[in-house]
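Working notes for the structure below.
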Amino acid sequence: MAPRLDFSGWGAKDKRQGTPVVVTMENPNYSVLEIDGPGTEAFPSMDKSRGKNAKQFTWVLLLKAQYAVGCVASAAAVLWALPGVIKRRMVFRRAAAAQSDDPDKGHLMLRFIRGFLLFSLVALAFELAAYRNGWHFQKPDLRLPERLHIPEATEIQGWMHSAYLSWLSFRADYIAYPIQLLSYMCIILFVIQSADRLILCLGCFWIKFKKIKPRVESDPFNSDDGSECMYPMVLVQIPMCNEREVYEQSISAACQIDWPKDRLLIQVLDDSDDETIQLLISTEVSKWSQRGVNIVYRHRLVRTGYKAGNLKSAMSCEYVRDYEFVAIFDADFQPNPDFLKLTIPHFKGNPELGLVQARWSFVNKNENLLTRLQNINLCFHFEVEQQVNGVFWNFFGFNGTAGVWRIKALEDSGGWLERTTVEDMDIAVRAHLHGWKFIFLNDVKVLCEVPESYEAYRKQQHRWHSGPMHLFRLCLPAIITSKISIWKKANLILLFFLLRKLILPFYSFTLFCVILPLTMFVPEAELPGWVICYVPVIMSFLNILPALRSFPFIVPYLLFENTMSVTKFNAMVSGLFKLGSSYEWVVTKKAGRSSESDLLAAAEREAKIVSLPLFHKGASESELSELNRLKEHEKAPSPVRKPNKIYKKELALSLLLLTAAARSLLSAQGIHFYFLLFQGMSFLLVGLDLIGEQMS
């Protein structure tokens, strides 16, 4: 039934408004009255005026004020505690500070940074005094410093005012122009390096779009007539030095490789100087040998040449002549059982192929912030740099581990040389000059660790950036006189060495740690905002594409890369000019971590092996007692946290950048201020060793 609509009241003029109220009095002397209540105009809707209530508005203001006070209090607490942290580091950790910065290493750079810091503090005090007295004048034109307004003699207010005017004139005439030239040069290098990074990313996109990857066409283990399987002789080498935390898992993984036992030999190349570790490793080798694995233990009495000397000594054995390929794994690497079956087939029918390199995968990439940032860098290195160079140039730097070499290629290239600390890059360059080709397998991954402490990571990066420059000095004549094409020579010299090994750390440190803070005190030479903010963010985004799960860490990654520029620049200079620390090898500290899947798989393998009667066959009681005694000492103690160290160069740079940030406030440079502020805080955290885990 349709609703009934009543329109009779629409025309009424004398309509009552309000609600009638009837009041009845019990006293008969009073009459009954009908009172009209007030209309809606007198009392508007409470729902509409609820947000405008004065009392509620006061409470909102109080809550916001409380939140603001809490934020200010938290910031004040952090700033108040920071000097105490610095004091404790400086007073109670002097020994650690001395170890972190050897007076013989990088003292020139530290003196330069300290002098720059002193200059910035004096300049900041001068500028603050000028602002207080109102001595600032029109900003000079960058191209016409003579347009700087100089007051007349009657306007000068004392000797300090006169000194400030002289400083303005001096910096506009003599300082601004050299700084501007240096900044232009660094910006050009920055743009070139960014273009190279963009081209690499486009190449990686093209590889994925076209699904380009090395393939094996036929069954590589069948002979031509199909009569029997042909497995080549493979040598597996595990070089190690005092690797107590990881020796067991690396030997176990190598012994589990799926390959005919009579076609495989494992060499454990132990350079340890600790007799206890030597006994543990030799016992582990004996255990696997008694299980039927073809494995030998080698220990050098004369430990020269670091890893290159160790590998060179192992390759000099007479039985190596019977082997065709050699697979190399560092002590913390755990290859899957099918590693050789995924890599060796690429050599069949490709006699020019000298190296097959696999990708690294990290078991501790989510351990702390430092490992996450390293994962971003290394994912880009393998996914983009190695893959693109392998597809388009058939050349890339050997990563020193997780790769298979054709022994003939090693011998043809001169073998392992002890002249640098980057023996892997050295042999790769010499093999490339002799015409050997390389293949990178992005789908084959080998588990390993990344350093969890900043101390270990810093030493590793110093070796990785000083060694290439030292090698560049040695192999440049050989590159120029080699018989490879001019394009490959240009790729080696301009891209592989100069752009990615020399220019990158040079402009990163010079532009963001020297020129940028300097322009805050010499505003005539100003850096554009796109150099400070936009292009670095875009480049960081490109770097993080291979590891998209790390996207929330894009800002810490950008700041940390700039923070590491001081270490990389110092290493590059020491390697280029052959300073004392250019030939220094410090074993990267490992924690001995394994993923959950690896632990479960290892437990299953151990359970199967335990069920077999293969333990200590023919062993005497004395030998068994010796093995049991070593077993008790086999398990290394869990890593213990060490006292944090002080890194003086990073601390000095943090104070320098924070001082420059304070100066940028006077000229209201927003982007520059925030960049300097956050970058200074990043240097401060690293300088106080508050990133990563400090393990003993």
Side-chain angles (χ1 to χ4, degrees), residues 234-243 245-257 266-271 298 305-312 314-315 325-337 339-340 342-344 354-365 374-375 377-379 381-382 385-387 390 396-407 409-410 416 420-429 431 438-442 444-451 456-457 459-461 463-464 467-468 585-594 598:
V234 180
L235 178 68
V236 175
Q237 294 180 333
I238 310 176
M240 58 180 63
C241 179
N242 296 325
E243 306 281 3
E245 295 81 10
V246 294
Y247 76 92
E248 186 176 4
Q249 61 191 30
S250 61
I251 295 175
S252 174
C255 292
Q256 299 294 328
I257 291 179
I266 301 174
Q267 284 183 321
V268 178
L269 312 177
D270 182 23
D271 257 6
R298 281 181 56 86
Y306 300 118
K307 181 180 176 181
N310 198 359
L311 294 173
K312 181 179 179 180
M315 293 299 293
F325 304 102
V326 55
I328 302 174
F329 301 102
D330 283 349
D332 60 315
F333 279 71
Q334 307 167 49
N336 291 326
F339 176 82
L340 291 181
L342 295 176
T343 54
I344 296 294
L355 168 67
V356 174
Q357 174 71 58
R359 180 174 175 171
W360 299 358
S361 181
F362 312 106
V363 297
N364 60 338
K365 62 183 178 181
Q374 291 178 74
N375 179 60
N377 252 343
L378 292 171
C379 282
H381 169 70
F382 288 107
E385 292 179 344
Q386 297 290 76
Q387 187 172 209
F396 47 82
F398 174 46
N399 294 116
T401 178
V404 180
W405 277 95
R406 189 189 297 270
I407 295 181
L410 291 176
W416 300 103
T420 68
T421 57
V422 284
E423 74 293 328
D424 45 8
M425 186 181 296
D426 187 6
I427 190 65
V429 171
F438 303 162
I439 283 180
F440 176 74
L441 301 180
N442 192 52
V444 181
K445 301 179 180 180
V446 181
L447 287 175
C448 63
E449 289 186 18
V450 289
Y457 179 65
K459 292 178 180 178
Q460 181 195 70
Q461 292 299 305
R463 185 177 77 249
W464 285 5
W585 183 292
V586 179
V587 178
T588 304
K589 197 66 179 176
K590 317 295 192 312
R593 301 187 187 276
S594 298
D598 299 328

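In this structure, CD1 in Ile251 is found 10.5 Å from CD in Gln249, a value given to the nearest 0.5 Å. Between the CD atom in Glu449 and the NZ atom in Lys365 there is a gap of 14.0 Å [rounded to 0.5 Å]. Rounding to the nearest 0.5 angstrom, the gap separating the CD atom in Gln460 from the OG1 atom in Thr588 is 4.5 Å. Interatomic distance, Ile266 CD1 to Cys255 SG, rounded to the nearest 0.5 Å: 4.0 Å. For the atom pair SG (Cys241) and CG (Asp270), the distance works out to 7.5 Å, reported to the nearest 0.5 Å. Considering CG of Leu311 and CG of Leu410, their distance stands at 9.5 Å, rounded to 0.5 Å.
For the pair Val446 and Asn336, the minimum side-chain heavy-atom distance is 4.5 Å or more. Using a 4.5 Å heavy-atom threshold, the side chains of Lys459 and Val587 count as separate. Looking only at side-chain heavy atoms (C-beta outward), Cys448 and Gln334 stay at 4.5 Å or farther from each other. Side-chain contact between Leu235 and Phe325 is absent, with no heavy atoms from C-beta onward closer than 4.5 Å. Side-chain contact check for Pro335 versus Ile257: some heavy-atom pair is nearer than 4.5 Å. Looking only at side-chain heavy atoms (C-beta outward), Val404 and Val326 stay at 4.5 Å or farther from each other. Inter-residue side-chain proximity for Asp330 and Pro239 is flagged as met; some heavy-atom pair is nearer than 4.5 Å. With contacts defined as side-chain heavy-atom distances shorter than 4.5 Å, the pair Val268/Arg298 does not qualify.
With sequence neighbours excluded, the residues satisfying side chain to side chain donor-acceptor pair (under 3.5 Å) with Glu243 are Lys590. Among residues two or more places apart in sequence or in another chain, the side-chain contact (heavy atoms from CB on, under 4.5 Å) test is passed with Tyr306 by Tyr583, Trp585. The ring-ring contact (aromatic ring centres under 6.0 Å, His included) check on Phe438 picks up Phe395, Phe396, Trp405, with sequence neighbours excluded. Listed by chain and residue number, nothing satisfies the salt bridge (charged side-chain N to carboxylate O under 4.0 Å, His left out) test with Asp424 (two or more places apart in sequence, or in another chain). For Gln387, the side chain to side chain donor-acceptor pair (under 3.5 Å) criterion is met by no residue, not counting sequence neighbours. Evaluation of the side chain to side chain donor-acceptor pair (under 3.5 Å) rule for Gln374 yields no partner, not counting sequence neighbours. Partners of Trp360 by ring-ring contact (aromatic ring centres under 6.0 Å, His included), not counting sequence neighbours, listed by chain and number: Phe333, Phe382. Take Thr420 and apply the side-chain contact (heavy atoms from CB on, under 4.5 Å) test, not counting sequence neighbours, and it matches Val422, Asp426, His470, Leu471, Leu474. Looking at residues two or more places apart in sequence or on another chain, you find a salt bridge (charged side-chain N to carboxylate O under 4.0 Å, His left out) between Arg359 and Glu383. Residues satisfying the salt bridge (charged side-chain N to carboxylate O under 4.0 Å, His left out) test with Lys445, not counting sequence neighbours, are none. By the salt bridge (charged side-chain N to carboxylate O under 4.0 Å, His left out) test, Arg463 pairs with no residue at all, sequence neighbours left out. By the side chain to side chain donor-acceptor pair (under 3.5 Å) test, Gln386 pairs with Asn399, sequence neighbours left out.
Counting all heavy atoms, side chain and backbone alike, Phe329 lies closest to Thr401 at CA-OG1, 3.2 Å. Nearest heavy atoms, Ala456 versus Pro451: CB-CB, 4.0 Å. Contact record, Trp416 with Lys312: O-CD, 3.5 Å, taken as the closest heavy-atom pair. Shortest non-hydrogen contact noted between Phe339 and Thr343 is O-OG1, 2.9 Å.
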Query raised in the report: When you look at Leu355 and Ile439, which way does the side chain to side chain contact (heavy atoms under 4.5 Å, CB included) test go after all the steps?
Result: CA-CA 6 Å; Leu355 168 67; Ile439 283 180; over 6 Å; no
**Report entry** Chi angles and distances behind the side chain to side chain contact (heavy atoms under 4.5 Å, CB included) call for Ile238, Leu269
**Finding:** CA-CA 6 Å; Ile238 310 176; Leu269 312 177; over 6 Å; no
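Comment: Asp271 does not engage Lys307 in a salt bridge, judged by the lack of any side-chain N to carboxylate O separation of less than 4.0 angstrom.
Of the possible polar contacts, none joining the Ser252 side chain to the Glu248 backbone as a donor-acceptor pair under 3.5 Å is found.
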